[in-house]
J.: 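Please see the structure below; I have some questions.
Reckoned from all heavy atoms, side chains included, excluding hydrogens, waters and symmetry mates.
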Amino acid sequence: MKSKWLTFLMFLSMVLTVSCGKDYNALFQERITELNKEGKYILNQYNDSVGKEHYIVYIDVDKIVVDTLGDSLQVYPLNVMEHFQYRAKTDNNGKFVFEKEITPKSTLVSSAQVDLKNKEMLIDKNIMQSANVKFKDIKCVGKDCAYVNVKNPSGNNNNTYIFFFNKPRLLYVTYGNYHSTIFNGKSFDIVDKDPLVKRGEGLYDQKFEYKAKMSTKGEIIQKDDYITVAGEYKIPVSAYASGEVDSYFAKIAADLKPTYYWNCQNCYKVVKSESKPESGFCESNFFTGSTSTWTVHSWVRLCKAGSLHTYQCQDCGVQVKTNDVPQMGACRYGANHVWNQLQ
């Protein structure tokens, strides 16, 4: 008798559970129908077969809404937003940092004007870098965020706008000429093309880049431990704080724009130049003596300029800095230079 009673109670509990539980499939379809009737634009929707996860992401007249068919809605207002992005830079102590940078409201307040009828929105109407966006071009990543890439009017790159639904009032914006943000299917690849870091002499016109990855919730999940210069040279970010960065700059500059030491075989002059100097008259005897003693420069290359070692001729005292071993050349106090390594 007791077991029959227990079985009846279990059956009753199951019936009550089923009858009291929500029919999410029906709710989902009803909500979709309702939103379509109201003229809302559905960015994304998901309703799995077992009812464990279900959501609808849609655009309303002044907001983006995430509806999980629960008791409350997740709302992302579009009328007042601050711009933010992640920037690579050095702080006041010279340490490299990669951190969130929010444009103050006093400088810029962003907004998006929604046109549900024509299925488009105008982002930042009163700002030079405004963007007219068709709803169909907006990509939604689950219920985490929505993004759109817009052609940059002043270049061949795209400006990127990301609405992270967990960050209301913040609009992620990067302008393609200076940053790129590309969705790779799981996260966003960020390239800061203009990091605010120290740059060495001779490298100001070279391209500096720093790369990182950002989650679909707007958080940094991976960062490079180096900055890339000219597409191939890597400088550890730790070198900025340690003071080693200058030596990296010197090596890169020497490799990108090599200079050489040249030695005149007639007047023994040593100069540093990217290319072979002009073969004019030797200054040392041009202003003295007769024309019969005039000589013309005859240049030979001693070595490539560098920073690792300093060599000095033991006879005439001339010095060169190089990563190589200098050629003998012509010495005014002997047939050839005799080099001693000082460091």
J.: Same cluster for I162 and Y41 if Ile/Leu/Val/Met/Phe/Trp/Tyr side chains link at under 4.5 Å?
T.: no
J.: Assess, by modelled atom type and distance only, whether the side chains of R31 and Y58 contain a donor and an acceptor separated by less than 3.5 Å.
T.: yes
J.: Can a side-chain donor-acceptor contact be found between D124 and H83 if the only test is distance below 3.5 angstrom?
T.: yes
J.: Nearest 0.5 Å, please: how far is CG in D115 from NZ in K119?
T.: 9.5 Å
J.: Are I220 and I190 packed together at the side-chain level, in the sense that at least one heavy-atom pair is separated by less than 4.5 angstrom?
T.: yes
J.: For the pair K257 and D205, find out whether any cationic side-chain nitrogen is under 4.0 Å from an anionic carboxylate oxygen.
T.: yes
J.: Linking I/L/V/M/F/W/Y whenever any side-chain heavy atoms sit under 4.5 Å apart, do Y178 and V173 land together?
T.: yes
J.: In terms of hydrophobic clusters joined by side-chain contacts under 4.5 Å, are Y86 and L171 together?
T.: no
J.: Counting only heavy atoms not in K100, do more than 12 fall under 6.0 Å of its NZ?
T.: yes
J.: Looking at E99, I want to see if its CD is surrounded by more than 12 non-hydrogen atoms of other residues, nucleotides or ligands under 6.0 Å.
T.: yes
J.: Could you check if a side-chain atom of I32 sits within less than 4.5 angstrom of a side-chain atom of I56, using non-hydrogen atoms only?
T.: yes
J.: If only atom types and distance count, is the side chain of Q29 paired as donor or acceptor with the main-chain N or O of L27 below 3.5 Å?
T.: no
J.: For S279 and H297, does a side-chain donor sit closer than 3.5 Å to a side-chain acceptor?
T.: no
J.: If you define the side chain from C-beta out and look only at heavy atoms, does anything of K321 sit under 4.5 Å from H309?
T.: no
J.: Okay, side chain of D60, backbone of K63: is any donor-acceptor separation there less than 3.5 Å?
T.: no
J.: One pair to check against side-chain contact (heavy atoms from CB on, under 4.5 Å): N263 and H337. What are the steps and the verdict?
T.: CA-CA 10 Å; N263 185 192; H337 292 293; 3.2 Å; yes
J.: May I ask you to check whether over 12 heavy atoms, not counting those of Y55, lie within 6.0 Å of atom OH?
T.: yes
J.: Using the side-chain contact (heavy atoms from CB on, under 4.5 Å) rule, take F28 and Y46 through it: C-alpha gap first, then chi angles, then the decisive distance, then the call.
T.: CA-CA 9 Å; F28 185 85; Y46 182 77; 5.9 Å; no
J.: Are side-chain heavy atoms of V133 and Y161 found at a separation under 4.5 Å?
T.: no
J.: List, by chain and number, the other hydrophobic cluster members for V270, where Ile, Leu, Val, Met, Phe, Trp and Tyr join if side-chain heavy atoms come within less than 4.5 Å, directly or indirectly.
T.: Y261, L302, Y311, V318, V320, V325, W339
J.: Mind checking whether F208 and R199 have side chains closer than 4.5 Å, heavy atoms only?
T.: yes
J.: Does atom NZ of K151 have more than 12 heavy-atom neighbours, drawn from other residues, nucleotides or ligands, at distances under 6.0 Å?
T.: yes
J.: Only pairs at least two apart or in different chains count here, so list each side-chain hydrogen bond (donor to acceptor under 3.5 Å, both in side chains) that has a residue in residues 164-176.
T.: N79-R169, K167-E219, Y172-T181, T174-T181
J.: So does G142 get a backbone contact from the side chain of N44, meaning a donor-acceptor N/O pair under 3.5 Å?
T.: yes
J.: Hey, what else clusters with W299 if you join Ile, Leu, Val, Met, Phe, Trp, Tyr whenever side-chain heavy atoms sit under 4.5 Å?
T.: Y260, W262, V271
J.: Would you give the length of the straight line joining atom OG of S111 to atom CG of L122, rounded to the nearest 0.5 angstrom?
T.: 8.0 Å
J.: Return all side-chain donor-acceptor pairs below 3.5 angstrom for residues 233-254, not counting sequence neighbours, or 'none' if the list is empty.
T.:
from : atom 1 : to   : atom 2 : distance (Å)
Y233 : OH     : D255 : OD2    : 2.4
Y240 : OH     : K198 : O      : 3.3
S242 : OG     : S238 : O      : 3.4
S242 : OG     : A239 : O      : 3.3
S242 : OG     : E244 : N      : 3.4
S242 : OG     : E244 : OE1    : 3.0
D246 : OD1    : K198 : NZ     : 2.9
D246 : OD2    : K198 : NZ     : 3.4
S247 : OG     : E244 : O      : 2.7

J.: Honestly curious: do F183 and I138 fall in one hydrophobic cluster under the side-chain, below-4.5 Å linking rule?
T.: no
J.: Return the OH to CG distance between Y333 and D315, rounded to the nearest 0.5 Å.
T.: 10.0 Å
J.: Taking Q319's backbone N and O only, do any of them form a donor-acceptor pair with Q312's side chain (distance below 3.5 Å, no angle check)?
T.: no
J.: Strictly under 6.0 Å, is that where the ring centroids of Y147 and F163 end up?
T.: no
J.: Do the non-hydrogen side-chain atoms of L256 and Q206 ever get within less than 4.5 Å of each other?
T.: yes
J.: How would you list, by chain and number, every residue that makes a side chain to side chain contact (heavy atoms under 4.5 Å, CB included) with S180, sequence neighbours excluded?
T.: V191, K193
J.: What do you reckon, is CD of Q341 surrounded by more than 12 foreign heavy atoms closer than 6.0 Å?
T.: yes
J.: I need the minimum non-hydrogen distance between K186 and T216, along with the two atoms involved.
T.: O-CG2, 3.6 Å
J.: Using residues 221-229 as the side-chain source, report each donor-acceptor pair under 3.5 Å to any protein atom, sequence neighbours left out, with the distance given to one decimal.
T.:
none

J.: Test your reading of the model: is there a side-chain donor-acceptor pair from D91 to the backbone of N93, 3.5 Å cut-off?
T.: yes
J.: If I compare all heavy atoms of C140 with all of L43, which pair ends up nearest, and what's the gap?
T.: CB-O, 4.1 Å
J.: Between D144 and K217, does any NZ, NE, NH1 or NH2 come within less than 4.0 Å of an OD or OE carboxylate oxygen?
T.: yes
J.: D324 side chain to P326 main-chain N or O, any donor-acceptor pair under 3.5 Å?
T.: no
J.: Ignoring hydrogens and angles, state whether a donor on the side chain of N159 or N152 is under 3.5 Å from an acceptor on the partner side chain.
T.: yes
J.: Check whether any side-chain heavy atom of D67 sits under 4.5 Å from a side-chain heavy atom of L69, and report yes or no.
T.: yes
J.: How about K213: does its NZ atom have over 12 heavy atoms from other parts shown lying under 6.0 Å from it?
T.: yes
J.: Determine whether M81 and V150 fall in the same hydrophobic cluster, where Ile, Leu, Val, Met, Phe, Trp and Tyr are linked whenever their side-chain heavy atoms lie under 4.5 Å apart.
T.: yes
J.: Backbone N or O of E120 within a donor-acceptor pair of the N118 side chain at under 3.5 Å?
T.: no
J.: Report yes or no: do H54 and N25 form a side-chain donor-acceptor pair below 3.5 Å?
T.: no
J.: Just by distance, do the side chain of N184 and the backbone of F188 share a donor-acceptor pair under 3.5 Å?
T.: no
J.: Run the side-chain contact (heavy atoms from CB on, under 4.5 Å) test on I59 and M121 for me, step by step, so that the C-alpha distance in whole Å, both residues' side-chain angles and the decisive distance to 0.1 Å come before the verdict.
T.: CA-CA 10 Å; I59 300 177; M121 70 169 67; 4.1 Å; yes
J.: Without swapping roles, check the side chain of Q74 against the backbone of F165 for a donor-acceptor pair under 3.5 Å.
T.: yes
J.: Under a 3.5 Å cutoff, is there a donor and acceptor pairing between the side chains of S298 and N266?
T.: no
J.: Quick one: does N336's side chain have a donor or acceptor within less than 3.5 Å of a partner on M328's backbone?
T.: no
J.: Evaluate side-chain contact (heavy atoms from CB on, under 4.5 Å) for F164 paired with L170, printing each intermediate quantity in order.
T.: CA-CA 8 Å; F164 290 109; L170 287 178; over 6 Å; no
J.: How far apart are the closest heavy atoms of Y268 and A330, and which atoms are they?
T.: CD2-O, 3.6 Å
J.: Measure the shortest side-chain to side-chain distance between R87 and D192 over non-hydrogen atoms and say whether it is less than 4.5 angstrom.
T.: yes
